Every structure is written in structure tokens, then in C-alpha cells.
Amino acid sequence: MNGKHLVKLGLEKKAIALAQTAAAARETAGLARDEILAELRAVQADPAAYLAGGVYADLAAELSAQQAARDALKGAELRAAPLPYPVWGQDLIEPGARSQMDVAMRLPVSRAGALMPDAHVGYGLPIGGVLATENAVIPYGVGVDIGCSMMLSVLPVAPGALHAEDGKALLLKHTRFGAGVAFDKRDRQDHEVLHEGTWQDQPLLRHLFEKAATQIGTSGSGNHFVEFGTFTLADADLGLEAGEYLAVLSHSGSRGFGAQVAGHFTTLAERRHPGLDPAAKKLAWLPLDSEDGQAYWQAMNLAGRYALANHDLIHARLARALNVQPLAQVRNSHNLAWEQEVGGQNLIVHRKGATPAEAGQLGLIPGSMADPGYVVRGLGNRDALGSASHGAGRVLGRKAAERTLAKKDVQAYLAARGVTLIGGGIDEAPQAYKRIEEVLARQGDLVDVVGRFTPQIVRMDTGSEDV
DNA sequence: ATGTCC
């Protein structure tokens with residue numbers, strides 16, 4: 001018995017050495033070469049049957065491990081070509097975002113997808129990407145800011161009644177911005193979401209509860225904002241008469257809590273798919289019917305409710321300060337996954353920077369710090385998997401915006417529209433975004449416009465270079 | 001998006 005015989009059997013690497021050891025033992029026991037080779041073939045055919053013990057146990061264990069590795073690789077193989085998917089506003093979308101969506105549509109778990117007109121490059125799935133998978137949830141298909149969402153409160157106040165200085169003071173007093181920011185102990189907010197039993201269901205959630213409790217009611221950094229503005233209804237809707245109203249619009253997420261949930265489960269998903277094509281590394285998934293998949297689903301949905309609770313508290317504080325009750329409210333999550341029927345199949349629909357837009361469903365699509373945002377009503381377009389854009393979408397990345405935009409041009413843009421800005425980095429300048437009117441024009445078959453919000457007093461986090 | 005660690 002020599003190595004050549006074993007290689008001929010198809011044995012590889014460590015298995016050859018283990019087979020040689022076993023074969024030597026069998027030769028000592030008096031077996032002929034052909035008899036030993038027959039035994040080795042039997043072990044190869046069904047290694048599981050030899051795991052329990054005996055001379056072939058170590059070889060059987062190695063062969064089982066090799067088979068498991070091959071299975072994992074096979075299960076993670078990308079399709080040669082992406083499944084076809086529709087694109088809205090192709091002329092507004094950079095090639096990089098298309099490439100990312102192409103990779104997503106090559107995943108073995110992908111079944112359908114769509115790209116919204118605000119699409120731009122992100123980690124894993126592009127921002128503005130909608131992806132339907134079968135029995136799989138992709139942490140980076142939801143994004144780092146799980147549950148990132150929008151909320152509008154229409155107030156029983158005339159738009160002109162709130163002066164810029166007063167509005168500015170209210171925002172400074174009642175909102176908190178920035179990475180790591182939390183409320184002081186005496187100002188700590190409370191909300192029913194903090195009293196859910198869900199926090200006790202996972203060690204990770206138990207661990208993150210304290211952070212979540214201190215940060216609830218705050219806003220983050222980047223493109224998050226809280227603003228006062230004028231809400232204009234051309235026709236009666238939302239239970240309101242046509243007209244102009246003072247309104248509060250906010251964009252906020254699940255803060256450090258959601259970010260850590262995303263990070264934790266992304267690590268687990270990547271670990272589960274070591275053989276995944278490097279191009280799809282950030283699209284590693286968790287089987288929904290696995291323990292990890294179920295844990296992510298639970299944590300993701302909690303982060304979604306937590307993010308909406310942040311909005312609730314922000315709006316409640318501002319309304320209380322103005323001594324009013326909102327007349328109408330609209331809210332929607334745009335970074336989340338949902339169980340949804342797609343072509344008769346129950347799939348997981350990821351929206352990473354995409355607004356749910358089922359028939360009749362209300363949503364909010366903001367423009368920029370100085371451009372209008374829109375209340376929309378979904379048309380339930382099946383090709384778009386019942387989705388629309390989540391905003392205007394970036395035309396300049398953060399660094400490109402800092403490099404190319406001039407502060408005075410941004411200030412002029414704000415001044416021309418009468419916008420008062422607190423904080424706000426140049427990377428969030430209106431010029432860094434696509435024109436919201438164009439983006440809306442590309443999705444006339446996804447949503448109807450209900451009303452228009454024009455920002456007047458805007459608070460954002462302090463950028464690396466403020467406007 | 002987040003204070004670079006679940």
C-alpha cells in the first residue's frame with residue numbers, strides 16, 4: 001500500500017496520512033491490499049458509519065469534515081449570471097450600485113429583486129436595493145442601521161406661527177444628536193418598547209438593553225435629522241383639510257443598539273459561509289430556520305420597534321413643548337426585512353433604503369436638508385415588490401462631497417430657501433444628493449404624492465466640517 | 001450608521 005493507491009481512491013490531504021495509518025494496521029492484522037482498498041472505499045462511501053470507533057474512525061472523521069466543507073461551498077456557490085431584476089431611474093444610478101445588485105441577484109438564496117431610483121453604493125446590498133430571498137436573512141441586506149425610519153407629525157399650528165429662533169431653541173432643547181449620545185440620567189426617556197420581555201430572550205439583547213435605555217429618544221449622526229417645516233396638502237387627505245400646516249419631520253434609527261445587533265449577526269453570517277465568493281462576502285446570510293436566523297429576526301424586529309420609539313419620543317417632546325396634539329402622523333421603516341408573498345411564495349424581502357409601498361400604504365420620502373420631502377401613498381407595484389425609494393439618494397459620497405463642495409455654495413442654497421440649519425456637515429449638503437423631483441418622477445408607477453413638506457428649521461449632527 | 005468589542 002502506498003500513497004499512489006490512496007490518491008487513486010480520491011483521498012486528499014490529511015485523509016491520505018490517516019488512511020495510510022489505518023491501512024498499516026490492517027496489513028499487520030493480515031489483510032491483503034485489495035481487501036484493505038475495499039474497506040477504504042466503504043469508509044469513503046459512508047464515513048458516518050465508521051465514526052463511532054475502530055481503526056477507520058479518524059479517517060472517517062476527516063472525510064466527514066471534508067464533505068461538510070464541500071457541502072458548505074456548494075450551498076454558497078453564486079449563480080453564473082444574476083437573476084433579472086427591474087430598475088427604476090436607470091439614468092440616475094451609478095454603475096457601482098448596479099454591480100452590487102448584480103452580485104446580490106447571483107446569491108443562491110435570491111429569488112427576486114428591484115433597484116429604486118435613489119440607489120447608490122453601500123456595504124453588501126446597495127442603498128435603494130430590494131431583495132427577496134428564500135429561507136434566508138442577510139444582515140447586510142438590512143444594513144447597519146436596522147429599522148432606520150421616517151416620521152411626520154402634522155400640527156394644529158400655522159406654519160408662520162413658529163419663528164426661526166423659537167424653533168431653533170426647541171430643537172436644541174429637546175433633541176440629542178451624535179454618535180454615542182445618550183440622555184442624562186435625569187432626562188432619561190421611557191417608552192413601552194423598553195418594557196418588552198424580548199430584551200430577556202437573548203444574551204445579546206440583555207447586554208444591549210442598558211445602552212438602548214440610555215439612548216432612546218435620541219438621534220444619531222450622518223443623514224439623521226429632526227426638522228420643523230411647512231406641510232402642504234393640495235387636496236384633503238390624511239383626515240385633514242387641504243392647506244398648510246406646521247409639521248415635524250424626523251429621520252432616525254436604532255442607534256448603538258441596532259448597530260451592535262447588525263455587527264454581531266454579520267459576523268455569525270460570515271462565519272457560516274467561509275466558502276462564499278469574496279464579491280458576496282458582505283451578503284452572507286443566516287438560514288431563517290436556524291437558531292441564529294431566528295435570533296437575528298427577533299433582534300432585528302426589536303430594533304425596528306425601538307427606532308420607531310425614538311421618533312415617538314422626539315415628536316412627543318416637541319408637541320408637548322408647543323402644547324399641541326398632532327393632527328396626523330405618518331411613519332415608515334426603510335431599513336428592514338419583511339416576510340412577504342412574492343409570486344405565490346413566502347419570501348424574505350429586504351429593503352435597504354427602500355420605502356414599503358404596498359397599495360394604499362403611506363410613506364415618507366425626504367429630499368435633503370433644504371429640499372422638500374414627500375408624503376406618498378404606495379401603488380403596490382409587484383415588480384418593485386411593493387417598494388419605492390427612501391429618499392433622493394446620494395450623487396456624491398461623503399468624502400467626495402467634502403472635497404468638492406464649497407461651504408458658501410451650500411450656505412447660499414440654504415439662504416435661497418430660507419432654511420435655518422443647526423449642525424449639518426458639508427457631506428450632507430443638498431448638492432451631495434440627487435434632485436428629489438427627478439427621483440420622484442422616475443417612480444410614478446410606485447407611489448402617488450399625497451403632500452409636500454418644506455424644511456425650515458433643521459437640526460443634524462455636527463459634521464467633520466459644518467456648513 | 002456606529003464611539004472602532006459581543
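Every chain is numbered from 1, with letters handed out A, B, ... down the list of sequences. What you see is a predicted model, and the numbers here were worked out from it, not measured in a lab.
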Practice item. Please state how far atom NE2 in A:H224 lies from atom C1' in B:dG3, giving the value in whole angstrom units. Key: 16 Å
Exercise for review: Starting at atom CZ of A:F257, determine the distance to atom C1' of B:dG3, rounded to an integer number of angstrom.
Suggested key: 17 Å
Practice item. Would you kindly compare A:G220 and A:L208 by the position of their nearest DNA chain B nucleotide and give the one closer to the 5′ end? Key: A:G220
Practice item. Answer yes if the ring centres of A:H334 and A:H251 are under 6.0 angstrom apart, and no otherwise. Key: yes
**Study point:** DNA chain B contacts among residues 393-405 of chain A, heavy-atom distance under 4.0 Å
**Key:** A:R398
Practice item. Using the six-membered ring of A:W199, assess whether NZ or CZ of A:R206 lies under 6.0 Å from its centre and within 45 degrees of the ring axis. Key: no
Practice item. Whole angstrom is fine here: how far is it from CZ in A:R176 over to C1' in B:dG3? Key: 18 Å
Point to revise | Whole-Å distance separating the CD atom of A:E210 from the C1' atom of B:dG3 | key: 17 Å
Exercise for review: Would you mind telling me which residue lines up with the more 5' stretch of DNA chain B, A:G263 or A:E428, judged by nearest nucleotide?
Suggested key: A:E428
Exercise for review: Find the distance A:L268:CG to B:dC5:P and express it as a whole number of Å.
Suggested key: 16 Å
Practice item. Output, in order, the C-alpha distance, side-chain angles, deciding distance and verdict of ring-ring contact (aromatic ring centres under 6.0 Å, His included) for A:F257 and A:Y306. Key: CA-CA 9 Å; A:F257 162 48; A:Y306 176 83; 5.4 Å; yes
**Study point:** Distance, rounded to the nearest Å, where A:I146 contributes CD1 and B:dT2 contributes P
**Key:** 12 Å
Study note, to complete from the structure: Taken to the nearest whole Å, OH/A:Y306 to C1'/B:dT2 is 13 Å
Practice item. May I ask you to say what A:Y140 touches in the nucleic acid, namely base, sugar-phosphate or nothing, with a heavy-atom cut-off under 4.0 Å? Key: nothing
Point to revise | Phosphate-side-chain proximity, A:Q215 and B:dG3, N/O vs OP1/OP2 below 4.0 Å | key: yes
Point to revise | Test item: side-chain donor near acceptor, A:H390 and A:D118, under 3.5 Å | key: yes
Exercise for review: Using atom NE2 of A:H251 as one end and atom C1' of B:dT2 as the other, report the distance to the nearest whole Å.
Suggested key: 14 Å
Exercise for review: Could you tell me whether A:K407 atom NZ has more than 12 heavy atoms of other residues or ligands within 6.0 Å of it?
Suggested key: yes
Check your understanding: With a non-hydrogen cut-off below 4.0 angstrom, is A:G256 in contact with a base, only sugar-phosphate, or nothing?
Key -> sugar-phosphate
Practice item. Please answer whether the main-chain N or O of A:P159 pairs with a side-chain N or O of A:T230 as donor and acceptor at a distance below 3.5 Å. Key: no
**Study point:** Contact under 4.0 Å: A:K211 side-chain N or O vs B:dT2 OP1/OP2
**Key:** no
Review point. Is the charged tip of A:R435 near the ring of A:Y433: under 6.0 Å from the six-membered ring centre and within 45° of its axis?
Key: no
Exercise for review: Assign A:Q202 to base, sugar-phosphate, or nothing according to its heavy-atom contacts below 4.0 angstrom with the strands shown.
Suggested key: nothing
